[in-house]
Each structure stands twice: as structure tokens, then as C-alpha cells.
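Worksheet: one structure, shown below.
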2 protein chains.
Amino acid sequence: MKRASIKDIARIAGVSVATVSYVLNKKEGSRISESTKDKILKIAEEIHYTPNKIARSLKMSNSKLIGLIVPDISNDFYSNIARCIENEAMKLGYTILIGSSDENADKFGKLTELFSGQQVDGMIVTPVTGSDDAVKRLLRDEYPVVSIDYYLKDIDLPAVTLNNFEISEQVFDYFIKHDVEELIYIGYKTDLPHLLDRQYGFERKISEMGLTSTKILVEMGEVSDEVHAELKKHFKITSRKTALYFLNNKIAIAGLHYLVKNKIRVPEDVSVIAFDGIDAYSLFPTEITYIRQPLEEMAVQAIKLLDGQIKNFSDEAEKAVCPAELVIRKSVK
Amino acid sequence: MKRASIKDIARIAGVSVATVSYVLNKKEGSRISESTKDKILKIAEEIHYTPNKIARSLKMSNSKLIGLIVPDISNDFYSNIARCIENEAMKLGYTILIGSSDENADKFGKLTELFSGQQVDGMIVTPVTGSDDAVKRLLRDEYPVVSIDYYLKDIDLPAVTLNNFEISEQVFDYFIKHDVEELIYIGYKTDLPHLLDRQYGFERKISEMGLTSTKILVEMGEVSDEVHAELKKHFKITSRKTALYFLNNKIAIAGLHYLVKNKIRVPEDVSVIAFDGIDAYSLFPTEITYIRQPLEEMAVQAIKLLDGQIKNFSDEAEKAVCPAELVIRKSVK
DNA sequence: CTGAAAGCGCTTACAG
DNA sequence: CTGAAAGCGCTTACAG
């Protein structure tokens with residue numbers, strides 16, 4: 001894999017590398033004669049020249065690379081958001097490096113080091129529990145970072161978040177409007193602020209209204225078995241109107257699987273609202289009422305904030321709060 | 001974002017950059033005194049030195065970057081395989097660049113140029129229809145490339161594929177064993193060899209046995225509406241035992257959605273086998289019998305072939321055929 | 001045991 | 001209109 005360089009072109013054309021560089025970069029300022037320009041371009045074409053961006057990066061100290069760290073790229077939600085970020089990044093000439101942290105602070109730290117070693121111009125990250133130190137290191141070196149979806153309680157970072165608290169309140173209000181008498185919230189045992197916001201938005205309303213409610217919290221990871229076991233324990237079909245609220249797509253899939261497996265009818269036997277609109281919901285017998293996250297907008301904002309930081313680093317941590325939307329379908333009676 | 005360099009360490013330690021480089025790279029050969037070694041390491045730590053891989057890449061002419069081009073990273077199948085590839089790549093010290101081609105030869109070509117410009121050490125690609133020229137360009141420059149899932153009919157490339165033809169034959173045999181009288185195959189209008197293999201494996205058996213069969217072919221892209229319309233046209237519940245075979249996860253989701261929406265029972269009214277085992281299937285009222293692709297194995301093989309090509313480029317296009325597995329559940333009666 | 005020097009492939013201010 | 005030269009941050013063969 002030997003590739004042509006600017007030097008090869010210069011040699012063949014009988015000009016200096018500087019001239020070649022000017023021509024290839026189409027600089028307006030430097031006036032090169034049309035004839036040499038043509039000659040250079042033709043030779044470049046002939047010997048299949050492609051610029052070495054590594055060399056360019058070294059000289060220019062920018063790589064046009066962006067690191068994206070998500071919990072798990074195989075998760076539908078993150079692969080969808082990755083796709084949106086890819087689209088937006090390409091528009092600005094950036095290429096995406098991807099890494100999955102598995103919610104593990106160690107892996108997260110390794111990934112930030114790997115990416116900063118690769119000289120990415122900036123990173124879009126979902127900072128997991130315990131990742132404060134890794135993020136601080138980045139900030140200390142004035143590394144452009146923006147968090148997305150996740151955010152950190154104790155570190156002020158440019159961030160793209162959802163209106164988690166408010167959307168949970170809306171879900172609650174919607175249930176109440178439908179005279180739900182008992183609520184089961186199914187979420188994670190976690191310290192992650194964005195997930196706690198979803199929980200708190202709900203809980204505050206519950207305590208205000210004095211409603212019966214159960215909170216099921218499972219360990220992050222392979223949630224399926226635990227969700228099934230907990231639902232079996234806490235959910236019975238009764239004459240009281242009961243509703244389930246699933247914290248995210250992973251829990252929703254586990255929960256809906258439990259319902260369909262046990263032939264529990266939605267919304268006849270129980271009402272349901274789930275976070276995230278994923279294709280999978282379409283295979284469930286009832287159209288699920290869900291919370292849509294505006295992925296495209298989140299991606300646009302993340303790239304905008306990051307690009308801003310790359311071009312002009314600032315300590316002021318700008319925030320973009322994107323509004324989720326409750327998409328009404330047929331799973332609440 | 002000013003970062004410490006080897007030069008800074010050298011200056012502070014009062015040694016040459018060569019010495020610093022030797023220490024940092026822990027070369028056994030060159031014996032540096034313990035005292036300077038310690039000094040250098042301590043300073044590196046203190047000033048938060050991280051090696052600049054861009055500079056290293058330029059000198060070493062390798063980047064430890066691998067480009068991954070898939071049709072769409074937001075598709076469940078590809079995000080799952082991307083995750084497996086990420087895992088395997090990391091083990092060998094590679095980082096992954098990701099791009100989505102949207103089945104578009106132009107985008108595919110742009111991505112290969114982008115990635116080769118970024119000096120990736122090699123690429124794992126799904127070569128779409130019309131991408132022959134782009135792939136040839138890569139090969140001409142002796143660029144390490146391996147195809148995965150997709151493959152090209154007219155270009156001999158190291159490739160990781162599925163036993164597409166054979167697994168379709170197995171599906172057919174399984175249907176026959178269950179006395180299915182009518183078959184509906186739902187696939188794409190496409191030239192993609194790996195998808196045609198799935199189709200042909202099926203068709204050969206059909207012509208051998210002289211069975212009634214319908215072939216529904218939809219345009220690639222947003223398949224949902226077309227799949228629904230075609231199923232409506234070609235599928236009626238009758239006394240004959242009918243079976244559906246879905247070419248991939250996207251078509252399966254559209255098809256299963258149609259069934260659940262129209263309250264068509266599986267397997268009472270119709271039998272079903274779908275390609276790819278995705279989480280979404282668990283929300284369908286019946287456990288779907290599906291074809292499992294061995295993603296981990298495919299990823300392992302792809303990285304192995306690619307790493308081999310990177311270390312020692314060869315024109316012999318090695319192949320790895322990974323066996324799919326028919327996972328029997330309850331959607332065939 | 002350690003350093004001076006060349007070079008990877010570019011860009012760009014400066015000189016002519 | 002064009003070129004010589006410095007330099008980005010590394011590695012490594014060579015010399016001492």
C-alpha cells in the first residue's frame with residue numbers, strides 16, 4: 001500500500017511541493033499560472049493522488065475526527081442517535097469514531113484516552129456513573145466535550161438533554177386524565193441524573209396527588225429476567241385501573257415481552273406508556289403510546305455545541321434542552 | 001487545548017527527545033538508566049502527557065484506525081455487528097470509524113475516499129450495488145479491505161459471508177416437513193448477491209418440488225407500506241397451509257406488523273420464519289422461528305482477515321463462510 | 001547510557 | 001508567479 005504524495009507530483013511536474021500544495025488546496029490568494037495548475041491537477045489524477053490527512057492533521061493540529069462514546073452502540077436508541085450524529089457531522093466535514101462504554105467508568109475513561117490520543121477534535125459523550133474524573137481530565141486540557149442524553153450533576157459541561165422531569169409529569173397527568181388508580185414505574189437502580197429526573201418528575205406528582213404507586217427498580221444490564229420477575233411479583237390484574245410506565249426502550253421491551261407472553265391485554269387489563277419510539281413496538285398487538293425523543297434535533301444541537309467549542313473553546317457550558325413529545329396511540333384506556 | 005509533547009518532557013528533564021521516546025515506548029533494547037527513566041516518567045505524569053498518535057501514525061505509516069462502512073448503522077442488525085466488530089478491533093488496538101452508505105454507491109465511494117484519506121489501516125465494508133469501481137480503486141492501491149455480509153460477484157475480495165443459499169434450503173425443508181402447501185417469499189428487488197443467494201436457495205427447492213409459491217419483491221428503503229400492500233394483495237387466509245419467509249429483519253418487522261395489525265394469528269392462520277434474531281421479535285404474540293446469524297463469529301473472522309491483510313497484504317482473497325442457524329420456536333405449525 | 005539528525009507528508013509565511 | 005525552508009510531534013538507525 002504505497003501511496004502517491006505531494007512530493008511525487010512535484011517531482012513529475014518539475015515544480016516545488018509548495019506549488020503543488022497551493023494548487024491542490026485551491027487557495028485564491030496565491031496565483032499560480034493556469035498551465036502549471038492544469039499540469040499538476042492532471043498528474044494528481046493520473047497517479048491517483050489522495051491527500052494524507054494524517055500529515056495535514058499534524059501540521060494543522062486538527063483531525064476532523066469526532067469521538068462518540070455511547071453506552072452501547074447495539075442499543076437501538078444509541079444506534080439511531082449515532083446515525084443522526086453521523087449525518088450532522090459529515091455536513092461539517094467531521095468523521096465519527098465510535099466507542100461503547102457498557103456503563104462502565106473504566107471503559108469510559110479508556111475510551112476518552114484512546115480518542116484524545118487519536119487527536120479527535122472533540123467528543124460527544126454519555127458520561128456514565130463514576131466518569132467525573134475522566135471528564136475533568138478532558139476539561140483540564142480544554143478538550144471540547146459535550147454530553148448528550150446523559151449529563152453530570154457535579155460538572156458543568158456543554159450538554160444536550162431532554163426535558164426529562166417535565167415529560168414524566170406530562171405522562172403522569174395523562175394517566176390521571178384517564179382515571180388511572182394505580183401506577184407502576186419501572187426503572188433502574190441508578191445514580192444517573194437524567195434517569196432520576198424521569199423518576200422524580202413522576203414521584204413529585206404522585207406525592208402531590210396521594211396515589212397508590214409502586215416503584216420497580218432493576219439493575220442495569222440484562223434487565224429481562226428481573227423485569228419479568230418483578231412484574232410477576234407486583235402486578236396483578238384487578239378491577240382497579242392500573243398503568244405501567246417504562247423508563248426506556250430496554251425496559252419497555254422486557255416489560256412488553258412479559259405482557260404479551262402472559263397474554264395480558266393492553267389497554268384492557270393494563271395501560272402502558274413507554275419511553276422511546278422504536279420499530280420494535282410495532283410488533284406488539286396494541287399500538288403503544290410512547291415518548292418520542294427528538295433525535296435529529298439532539299444530534300444537530302450536539303454537533304452545533306461541539307463545533308462551537310472546537311472553533312472557540314469557552315468555559316461557559318452552553319445547554320440545549322430538547323423537548324420530548326408524548327405520542328398518543330392506543331395503550332392507555 | 002494545548003497539549004504537552006515529548007519535547008516539553010525533554011526540556012524539563014534536560015534530556016533529548018530521543019531518550020524520552022525510548023523511555024515512553026519501553027524499548028527493551030535501549031538501556032536507559034533507571035534514574036532518568038523515573039525522572040521522565042514522573043514528568044510525563046505531572047504535565048499530563050499523552051502521546052500524539054497522529055504524529056506517530058505519520059512516522060510509522062499506520063493509524064490503528066479501521067473504517068467500517070455499513071448500509072445503515074441505525075439498523076438493528078448492523079449496529080449489533082458494529083458492536084461485535086468494535087469489541088474485536090479493540091482487542092487488537094484498533095479504533096473504529098463508522099459510516100453509513102444508505103445502499104448508495106456514491107455515498108459508499110465518498111466514504112471509502114474519506115476513510116482512506118484519514119489513513120485508516122483497512123476497511124470492513126458492505127459493498128452495495130454499483131460500488132465495484134470504488135472497491136477496485138481500493139484494491140489497486142493495495143488497500144486492505146474485507147467485505148462482510150454483502151459480497152461482490154465480479155470482484156474477488158477477502159470476505160465474510162453467511163451460508164445464505166444453504167440456510168434458505170434448510171428453511172424450505174423445514175416448511176416441507178411441516179406440510180406447508182403454499183409459500184410466500186418476501187424479499188427485495190435487488191442485485192445484491194448475498195440476498196439473491198437467499199432467494200435462489202429457496203427457488204431451487206421450489207422448482208424441484210413443484211410447489212405453489214409467490215415471490216413478493218419490494219424496493220429497498222422504507223419497505224413498510226409496500227410490504228403491507230403486497231401482503232394484502234397476495235395473502236389470504238385459506239384452508240391451505242401457508243407460510244411466509246421474510247428475507248431480513250427490516251422486512252420481517254414490516255410483515256409481522258401487518259400480521260399483528262390485521263389480527264392474523266401465527267401459526268394458526270399462517271406460519272412464519274424470519275431472518276435475523278432481533279429483540280423486537282419478542283414483542284410479537286408468537287415466538288418467531290428465525291435464522292440466527294453468528295455475529296460474533298462474523299466479527300472475529302472479519303477482523304482476523306483484515307488484520308492479516310494489514311500485516312501482510314495478499315492478492316489471494318481469503319473467505320470465511322459462517323453458518324447461520326435455524327432457531328426453532330413456535331411460528332411454524 | 002544518551003544525543004544529533006533525518007524523515008514521515010503536509011502547510012504557509014516569507015523572499016524573490 | 002514560484003521556491004526554499006521551517007515546523008507539526010513523533011521514531012529510529014547511527015554515532016559516540
Side-chain angles (χ1 to χ4, degrees), chain A residues 1-41 43-44 47-65 93 116-121 141, chain B residues 1-41 43-44 47-65 93 116-121 141:
Chain A
M1 185 171 57
K2 46 182 190 300
R3 310 185 46 203
S5 79
I6 220 175
K7 226 153 102 183
D8 298 318
I9 301 180
R11 190 172 25 77
I12 299 174
V15 298
S16 74
V17 294
T19 306
V20 176
S21 175
Y22 285 130
V23 172
L24 261 21
N25 291 307
K26 313 189 195 359
K27 289 275 176 193
E28 279 309 310
S30 58
R31 355 202 84 275
I32 312 276
S33 71
E34 283 301 319
S35 65
T36 54
K37 211 183 275 188
D38 288 350
K39 186 163 59 173
I40 286 169
L41 258 14
I43 294 171
I47 66 174
H48 309 124
Y49 172 76
T50 41
N52 182 327
K53 294 224 188 83
I54 289 273
R56 185 167 214 280
S57 295
L58 183 59
K59 181 66 190 169
M60 311 289 275
S61 47
N62 72 16
S63 63
K64 298 308 264 177
L65 250 26
S116 69
Q118 294 289 7
Q119 309 302 117
V120 299
D121 291 339
D141 299 337
Chain B
M1 185 173 55
K2 47 180 189 301
R3 311 187 41 207
S5 79
I6 220 174
K7 226 154 102 185
D8 298 319
I9 301 180
R11 189 171 26 76
I12 299 174
V15 298
S16 75
V17 293
T19 305
V20 176
S21 175
Y22 285 130
V23 172
L24 260 22
N25 290 306
K26 313 189 201 343
K27 289 276 177 193
E28 279 310 309
S30 59
R31 355 201 85 274
I32 311 277
S33 71
E34 284 302 320
S35 66
T36 55
K37 211 182 275 185
D38 289 349
K39 186 163 59 176
I40 287 170
L41 258 15
I43 294 170
I47 66 175
H48 308 124
Y49 172 76
T50 41
N52 182 327
K53 294 225 188 80
I54 289 272
R56 185 166 214 280
S57 294
L58 183 59
K59 181 66 190 170
M60 310 289 274
S61 46
N62 72 16
S63 63
K64 299 310 265 177
L65 250 27
S116 69
Q118 294 287 8
Q119 310 303 116
V120 298
D121 291 339
D141 299 338

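Here is how names work: the chains are called A, B, and so on, in the same order as the sequence lines, proteins then strands, and each is numbered from 1.
- Annotation: the span from S116(B) atom OG to N52(A) atom CG amounts to 10.0 Å, rounded to 0.5 Å.
- Take the nearest nucleotide of DNA chain D for A18(B) and for N52(B): the residue whose nucleotide is more 5' is N52(B).
- Heavy atoms only, all atoms of each residue included: Q118(B) and K64(A) are closest at NE2-O, 3.9 Å.
- Atoms CZ and OG1, from R3(A) and T50(A) in turn, are 3.5 Å apart once rounded to the nearest 0.5 Å.
- Across dT12(C), dC8(C), dG3(C), the shortest atom-to-atom separation from the side chain of S21(A) is found for dT12(C).
- R56(A) has its CZ atom 7 Å from the P atom of dT12(C), to the nearest Å.
- Atom P of nucleotide dC1(D) and atom NZ of K39(A) are separated by 15 Å, given to the nearest angstrom.
- Taking side-chain N and O atoms only, T36(A) has no distance below 4.0 Å to OP1 or OP2 of dC1(D).
- Distance CD1 (I6(B)) to P (dT12(D)): 11 Å, rounded to an integer number of Å.
- Distances shorter than 4.0 Å separate none of the side-chain N or O atoms of S61(B) from OP1 or OP2 on dC8(C).
- Here the P atom of nucleotide dT11(C) and the CG atom of L24(A) are 8 Å apart, to the nearest Å.
- Side-chain nitrogen and oxygen atoms of S16(A) include at least one within less than 4.0 Å of the OP1 or OP2 phosphate oxygen of dG3(D).
- The distance between atom CG of L58(B) and atom P of dT11(C), rounded to the nearest whole Å, is 12 Å.
- Between K53(B) atom NZ and dG9(C) atom C1' the separation is 20 Å, expressed in whole Å.
- For K59(B) and dG7(C), a side-chain-to-base donor-acceptor distance below 3.5 Å is present, hydrogens and geometry of angles not being considered.
- Following rounding to the nearest Å, R11(A) (CZ) and dG9(C) (P) show an atom-to-atom distance of 12 Å.
- One distance of note links CD1 of I40(B) with CD1 of I12(B); it measures 11.5 Å at 0.5 Å rounding.
- Taking CD1 of I54(A) as the reference point, atom NZ of K59(B) lies at 14.5 Å (rounded to 0.5 Å).
- Here dG3(C) is the nucleotide among dC10(C), dG3(D), dG3(C) with the atom lying nearest to any side-chain atom of Y22(B).
- Looking at heavy-atom distances under 4.0 Å, K7(A) makes contact with sugar-phosphate atoms alone, never a base.
- For N25(A) and dT12(C), the CG to C1' distance is 10 Å, given to the nearest whole Å.
- A sub-4.0 Å separation between OP1 or OP2 of dT2(C) and a side-chain N or O of S33(B) is present.
- Note on S57(B): nothing from the nucleic acid sits closer than 4.0 angstrom, heavy atoms only.
- dG16(D) and dC1(C) make up a base pair, with Watson-Crick or G-U wobble contacts both under 3.5 Å.
- Between dG9(C), dG3(D), dT12(C), one nucleotide has an atom nearer to the side chain of M60(A) than all others, and that is dT12(C).
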